[in-house]
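Worksheet for the structure shown next.
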Amino acid sequence: MKRQKRDRNQRAYLHGYKAGMAGRSRDECPSQDVNLRENWMSGWREGRGDQWAGMTGVSGIHKNPMVMT
């Protein structure tokens with residue numbers, strides 16, 4: 001099994017980042033677990049900030065966490 005599949009916190013962060021970049025509401029966090037929700041919200045905040053800063057498409061490829069992993 002791949003290591004990234006086992007790290008639920010990293011996956012929550014990435015899913016939150018994608019949700020933030022897509023402009024979705026923070027109320028759509030799927031987890032009730034405190035740690036996973038915290039990581040999802042951190043990703044969401046960063047994703048929303050990047051969306052507002054205009055880092056979408058090619059201009060934001062260096063910031064996308066999926067590219068860095």
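The CZ atom of R45 lies 11.0 Å from the OH atom of Y13; values are rounded to the nearest 0.5 Å. The line from CG of D27 to CH2 of W44 is 8.5 Å long, rounded to the nearest 0.5 Å. With values rounded to the nearest 0.5 angstrom, E46 atom CD is found 13.5 Å from Q51 atom CD.
Residues passing the salt bridge (Lys or Arg N to Asp or Glu O under 4.0 Å) test with E38, sequence neighbours excluded: none. For R24, the salt bridge (Lys or Arg N to Asp or Glu O under 4.0 Å) partners at least two apart in sequence or on another chain are E28.
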Using atom types as modelled, flag every donor-acceptor pair under 3.5 Å from a side chain in residues 29-36 to any protein atom, sequence neighbours excluded.
unit_1, atom_1, unit_2, atom_2, d
S31, OG, D33, N, 3.1

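In this structure, A19 and W40 approach most closely via the heavy-atom pair CB-CZ2, 3.7 Å.
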